[in-house]
Chemist: 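Please read through the structure below; I'll follow up with questions.
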Amino acid sequence: MSDTTASPAAAGAPPAPPVASDHIAPMRLLAFLIMVFGMFMAILDIQIVSASLSDIQAGLSASSSEISWVQTAYLIAEVIAIPLSGFLSRALGTRYLFAISAAGFTGASLMCGFTSSIEQMILWRAIQGFVGAGMIPTVFASAYTVFPRSKFHIVGPIIGLVATLAPTVGPTIGGYITDLMSWHWLFFINVVPGIGITIGVLLLVDFDEPHFALLDHFDWWGLAFMGGFLGSLEYVLEEGPRNDWFHDDSIATFAVICVLSAVAFFWRVLTAHEPIVDIKTFTNRNFGLGCMFAFVVGIGLYGLTYIYPRYLAEVRGYSALMIGETMFISGVAMFVSAPIVGRLMQKVDMRLMIAVGMLLFAFGTWQMTWMTRDYDFNELLWPQIFRGVGMMLAMVPVNTVALGTLAPARLKNASGLFNLMRNLGGAVGLAALNTALDDRTDFHISRLHDKVTWGNAQAVDLLHSFTQRFQGLGDASMMAMKQLNQIVHRQAVVMSFADAFLLMTVLYVGLSTLVVLLAKPGNPMDTPDAH
């Protein structure tokens, strides 16, 4: 009789499962942290070369148009691979997909460091981006399937911090590495950690089992259409601002390919027996809205990582190292605020956190709308702090709202789509900001030229002052006119930067109001379908 009464408890009475589910095995946590570091490397490599492109250009004897493809090739390949990772993760399992991605990324990094021509660099950067992209959504999916919902306030800030911190500190780390060693070490530095990550994942990760039979139904047509759609879209967004958009034949051609491929892709994923990407996940309201928030977060994340260094280089004349040191403030703010955000997620409605995060970000960009050419480290301090805190306060709850309430079977596919939306947001944001900066610079130059005339006493006095200063150095009048023209152009550039910050302020204030459309996320302890 004692055996029969004891057996239910041994089999697992009602109190037992919560205790087991709330416990995180140390080895499983270690395996997850190894994967997170791999994701950090993959995201970091998007921006780590941005501060050192001129050094790479000189080392490979590349033209200014060719060197931009060091980043573009990586981004196009990554955008295609990210949504593909959902299918591959189900077919190969988390362990094999992540190990293959880490090993391939490491090998491609090594080859990037050894390249001697721009053509080789572009090829290996594309391979690096394609194989490394699988690490990013795999970590997001694992975070919300491996761990119980009661621990989301711990794992959520970890992946949110990595996803936002890596591109922010990329220029800083890249500047230091290039300054201390050479641009080759931007890639060599990945080799030892990459080998360690590959071995660690093979030994420790046991989150799921592969289903190799799925590979028999791999949709090659779907992959081709998706590659044409996303690859062409990324190309148009990257090259459009530089080459006058559709006035350029190649951009117009790829735009047509993008539209035709998009139609074929959506037809294919809606009719195929085993679609390469399941877009029906967007019917989940929180996931669909979460992807929209991720898209706009991507605009701010990658947009400001681009616009701040450009201002510091063009207007302030900062070196790559000085830009990195200035930009580091945002990274510090993110790092410090991450654990605080985790604690708040347990006590505060996540919709409110997202709204406050968006408004803090908007307040930081609004402070920059009053900028002058004298804005330096001190003037950029608080806007960057607001940017970092606001980004973390919005990004982490958005991850949980979008992915944390989906059934485990849908998470791998959904994670790929979610990360794709953030990257596409960054691409669209960069294209829009570049176009806005160019157009508004032309507009302000025209306006300033109308003001700086011979009828403007202040302008005439300044011109006379320059002429006297250049006496005896050549054609003083011409040199003075050139100096005045440079001042007008610099002022127009500063005003265009202020306009771009105003544009982002309006975008984020408007977005903060849309959190009311989100369904209220349940208490982490109350939703059972996440594990």
Side-chain angles (χ1 to χ4, degrees), residues 39 42-43 46 75 78-79 81-83 85-86 133 135-141 143-144 152 155-168 230 233-234 237 277-279 281-305 334 338 341 345 350-351 353-362 387-388 390-406 410-432 504 507-508 510-515 517-519 521:
M39 181 181 80
I43 299 178
I46 300 172
L75 289 170
E78 185 185 57
V79 161
I82 281 179
S85 65
M135 293 189 279
I136 302 170
T138 306
V139 170
F140 275 78
Y144 294 106
F152 282 6
V155 296
I158 291 175
I159 60 172
L161 177 64
V162 170
T164 52
L165 187 64
T168 302
L230 296 176
L233 177 62
E234 185 72 31
L237 292 173
V277 176
D278 182 12
I279 62 172
T281 311
F282 283 111
T283 56
N284 180 291
R285 182 171 73 170
N286 270 16
F287 177 74
L289 288 170
C291 284
M292 181 194 69
F293 282 110
F295 183 89
V296 182
V297 164
I299 294 176
L301 177 63
Y302 292 103
L304 289 194
T305 303
M334 291 177 184
V341 171
M345 285 174 63
M350 283 187 274
R351 296 175 300 177
M353 292 177 64
I354 295 170
V356 172
M358 297 291 179
L359 290 174
L360 281 176
F361 189 95
R387 171 207 175 192
M391 188 64 68
M392 285 303 299
L393 204 56
M395 181 72 174
V396 177
V398 163
N399 293 345
T400 303
V401 166
L403 299 173
T405 55
L406 290 175
R410 308 181 76 180
L411 261 172
K412 291 183 177 181
N413 174 76
S415 177
L417 293 173
F418 181 78
N419 282 277
L420 171 67
M421 294 303 293
R422 187 183 66 247
N423 279 25
L424 284 181
V428 171
L430 289 177
M504 297 194 73
L507 174 67
Y508 275 83
L511 188 72
S512 67
T513 63
L514 297 183
V515 296
L517 300 177
L518 289 168

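Because the structure is predicted, anything quoted here is derived from the model rather than measured.
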Chemist: Please name the pair of heavy atoms, one in Ala427 and one in Leu237, separated by the smallest distance, quoted to 0.1 Å.
Modeler: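 Taking every non-hydrogen atom into account, CB-CD1, 3.8 Å.
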Chemist: How long is the span from the CG atom in Asn423 to the OH atom in Tyr302, to the nearest 0.5 Å?
Modeler: 4.5 Å
Chemist: What pairs with Val297 under side-chain contact (heavy atoms from CB on, under 4.5 Å), at least two apart in sequence or on another chain?
Modeler: Met358, Met391, Met395
Chemist: Indicate yes or no: at least one non-hydrogen side-chain atom of Leu518 is less than 4.5 angstrom from one of Met350.
Modeler: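 SC-SC contact between Leu518 and Met350 ruled out.
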Chemist: Measure the spacing between CG of Leu359 and CD1 of Ile354 and express it to the nearest 0.5 Å.
Modeler: 12.0 Å
Chemist: Could you tell me the separation between the CE atom of Met392 and the CG atom of Leu161, rounded to the nearest 0.5 Å?
Modeler: 5.0 Å
Chemist: Identify, with sequence neighbours excluded, every residue that meets side chain to side chain donor-acceptor pair (under 3.5 Å) alongside Ser85.
Modeler: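 Applying side chain to side chain donor-acceptor pair (under 3.5 Å) to Ser85 gives none.
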Chemist: Please enumerate all residues that pass side-chain contact (heavy atoms from CB on, under 4.5 Å) together with Ala432, with sequence neighbours excluded.
Modeler: none
Chemist: Are the side chains of Phe418 and Asn399 in touch, meaning some heavy atoms are under 4.5 Å apart?
Modeler: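 Counting from C-beta outward, Phe418 and Asn399 do come under 4.5 Å.
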Chemist: State, with a plain yes or no, whether a side-chain heavy atom of Leu420 is found less than 4.5 Å away from one of Val277.
Modeler: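 In short, these two side chains do not touch, never coming nearer than 4.5 Å.
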Chemist: What are the two closest non-hydrogen atoms of Met334 and Gly388, and how far apart are they?
Modeler: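 Shortest heavy-atom separation between Met334 and Gly388 comes out as CG-O, 3.6 Å.
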Chemist: Can you list everything that forms a side-chain contact (heavy atoms from CB on, under 4.5 Å) with Val296? Sequence neighbours excluded, please.
Modeler: Leu507, Tyr508, Leu511
Chemist: Find the distance between CG (Leu517) and CZ (Arg351) and round it off to the nearest 0.5 Å.
Modeler: 10.0 Å
Chemist: Listed by chain and number, what are the side-chain contact (heavy atoms from CB on, under 4.5 Å) partners of Ala414, not counting sequence neighbours?
Modeler: Thr281, Phe287, Leu403, Leu406
Chemist: Nearest 0.5 Å, what's the CG-CG distance between Leu514 and Leu289?
Modeler: 8.0 Å
Chemist: Between Leu424 and Leu233, does the side-chain contact (heavy atoms from CB on, under 4.5 Å) criterion hold? Intermediate values first, please.
Modeler: CA-CA 9 Å; Leu424 284 181; Leu233 177 62; 4.0 Å; yes
Chemist: If you take all heavy atoms of Gly290 and Val398, which pair is closest and at what distance?
Modeler: O-CG1, 3.6 Å
Chemist: Listed by chain and number, what are the ring pair (Phe, Tyr, Trp, His ring centres under 6.0 Å) partners of Phe293, not counting sequence neighbours?
Modeler: none
Chemist: Which heavy atom in Val396 sits nearest to a heavy atom in Pro157, and how many Å separate them?
Modeler: CG1-N, 3.6 Å
Chemist: Which pairs pass salt bridge (charged side-chain N to carboxylate O under 4.0 Å, His left out) with one or both residues in residues 412-427, sequence neighbours excluded?
Modeler: Asp208-Lys412
Chemist: Please report the shortest heavy-atom distance between Glu78 and Ala133, naming the atom on each side.
Modeler: CG-CB, 3.6 Å
Chemist: Residues in side chain to side chain donor-acceptor pair (under 3.5 Å) with Glu234, at least two apart?
Modeler: none
Chemist: Check Val515 against Ala355 and note the closest heavy-atom contact, atom names and distance.
Modeler: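 Here Val515 and Ala355 meet closest at CG2-CB, 3.8 Å.
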Chemist: So, taking the atom named CG in Asn419 and the one named CE in Met39, what distance separates them when rounded to the nearest 0.5 Å?
Modeler: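 It comes to 7.5 Å.
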